[in-house]
Amino acid sequence: PHARPGHDVNTPAHLILAAAIFARPGARAGNMAVLAGATIPDISMPVMIIWQHWVENRTLWQVFEEDFRSVFWQGVFAVDNSIVLWGLVLAVALLARWRLIALCAAAALLHVSFDLFLHNEDARRHFWPLSDWMFRSPLSYWDPARHGRIVGAVEGVATLGLCAVLWRRFGGARARAVIVLAAGIEALPTVAMPVLMALTGG
């Protein structure tokens, strides 16, 4: 099966993981750079879906079965999901002591590195421009045929645990509201749904 809306990107989990590793109280600019880096590799997907569906009047079937597989779409994904490029940005930022860019690149690199092991049919060319090879992982965080229910549930529980870590780290009302929102968004598809389907035999 091919990825569908809401399956091919898992931005909340990436945001939570990056924040747990890099975010610190009182470092607003740095924290925003971390959140930006954790989001950037996923931005192109919803933008292109919205454009193709609402502006170009393409059906969702056409978007996911034709546009998704196109040279252009896969080329965009190769750039924003490249471990090589993000690693290069991080190296340059560290050498130049550009702290915010380094945090952004580190969060993005964390994102794409985890994606490497959790995508199969929707795999990216993570080693572009050095190689067009795609690692098709035997695991998927969404595809039931590749242990998606188990992986999704484990990922959900782990990220909710990281939310608890963030809750203890950040005491401000605004920060905690964001943590609760992120936890809620993450819990619904990756914990509640797999558990419900397992209980009902779906």
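Predicted model only: the values in this text are computed from it and were never measured.
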Please tabulate, for side-chain N and O atoms in residues 28-37, each donor-acceptor pair with protein atoms closer than 3.5 Å (sequence neighbours left out).
residue: N31; atom: OD1; partner: R24; partner atom: N; Å: 2.9
residue: N31; atom: ND2; partner: R24; partner atom: O; Å: 2.8
residue: N31; atom: ND2; partner: A27; partner atom: O; Å: 3.2

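- The shortest non-hydrogen separation linking Q62 to R58 is OE1-CA, 3.4 Å.
- Members clustered with V79: L85, W128, by chain and number, using a 4.5 Å side-chain heavy-atom cutoff among hydrophobic residues.
- Minimum interatomic distance between S137 and F117 (heavy atoms only, all atoms of both residues): OG-O, 2.7 Å.
- For the residue pair R136 and N120, no side-chain donor N or O sits within less than 3.5 Å of a side-chain acceptor on the partner.
- Note that CD1 of I185 is 10.0 Å distant from OG1 of T11, once rounded to the nearest 0.5 Å.
- The side chain to side chain contact (heavy atoms under 4.5 Å, CB included) search around L109 returns I83, W86, L90, V112, S113, not counting sequence neighbours.
- Screening residues 88-112 for side-chain hydrogen bond (donor to acceptor under 3.5 Å, both in side chains), with sequence neighbours left out, gives H14-H111, D42-H111, H111-D115.
- The OG1 atom of T59 sits 7.0 Å away from the CD atom of E66 when rounded to the nearest 0.5 Å.
- When the side chain to side chain contact (heavy atoms under 4.5 Å, CB included) test is applied to L130, the partners found at least two apart in sequence or on another chain are V84.
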Just distance, no hydrogens or angles: give the donor-acceptor pairs under 3.5 Å from side chains in residues 161-179, sequence neighbours left out.
residue: R169; atom: NH1; partner: A19; partner atom: O; Å: 3.2
residue: R169; atom: NH1; partner: A20; partner atom: O; Å: 3.1
residue: R169; atom: NH1; partner: A23; partner atom: O; Å: 2.7
residue: R169; atom: NH2; partner: A20; partner atom: O; Å: 2.8
residue: R176; atom: NE; partner: W167; partner atom: O; Å: 3.2
residue: R176; atom: NE; partner: F170; partner atom: O; Å: 2.9
residue: R176; atom: NH2; partner: W167; partner atom: O; Å: 3.0

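- Applying the side-chain hydrogen bond (donor to acceptor under 3.5 Å, both in side chains) criterion to W51, with sequence neighbours excluded, gives E56.
- Residues forming a side chain to side chain contact (heavy atoms under 4.5 Å, CB included) with S44 (at least two apart in sequence, or on another chain): M48, V76, F77, D80.
- Centroid-to-centroid, the aromatic rings of H119 and Y141 come within less than 6.0 Å.
- Of the possible donor and acceptor atoms, none in the side chain of D143 sits under 3.5 Å from a partner among the backbone N and O of G148.
- Contact annotation: the side chain of T39 approaches that of L15 to within less than 4.5 Å [non-hydrogen atoms, C-beta and beyond].
- Grouping Ile, Leu, Val, Met, Phe, Trp and Tyr residues whose side-chain heavy atoms lie under 4.5 Å apart, directly or via other members, leaves L95 alone, with no other cluster members.
- Note that CD of E155 and CD1 of I16 are 9.0 Å apart. Values are rounded to the nearest 0.5 Å.
- F64 and R69 get closest at one heavy-atom pair: O-NE, 4.4 Å.
- Checked against side-chain hydrogen bond (donor to acceptor under 3.5 Å, both in side chains), D132 has the following partners two or more places apart in sequence or in another chain: R125.
- For the residue pair D67 and Q52, the shortest heavy atom distance occurs at OD2-NE2, 3.1 Å.
- Between A18 and A107, the shortest heavy-atom contact is CB-CB, 4.0 Å.
- Residues forming a side chain to side chain contact (heavy atoms under 4.5 Å, CB included) with I50 (at least two apart in sequence, or on another chain): W54.
- Hydrophobic clustering (side-chain heavy atoms under 4.5 Å, transitive across Ile, Leu, Val, Met, Phe, Trp, Tyr) groups L88 together with I101.
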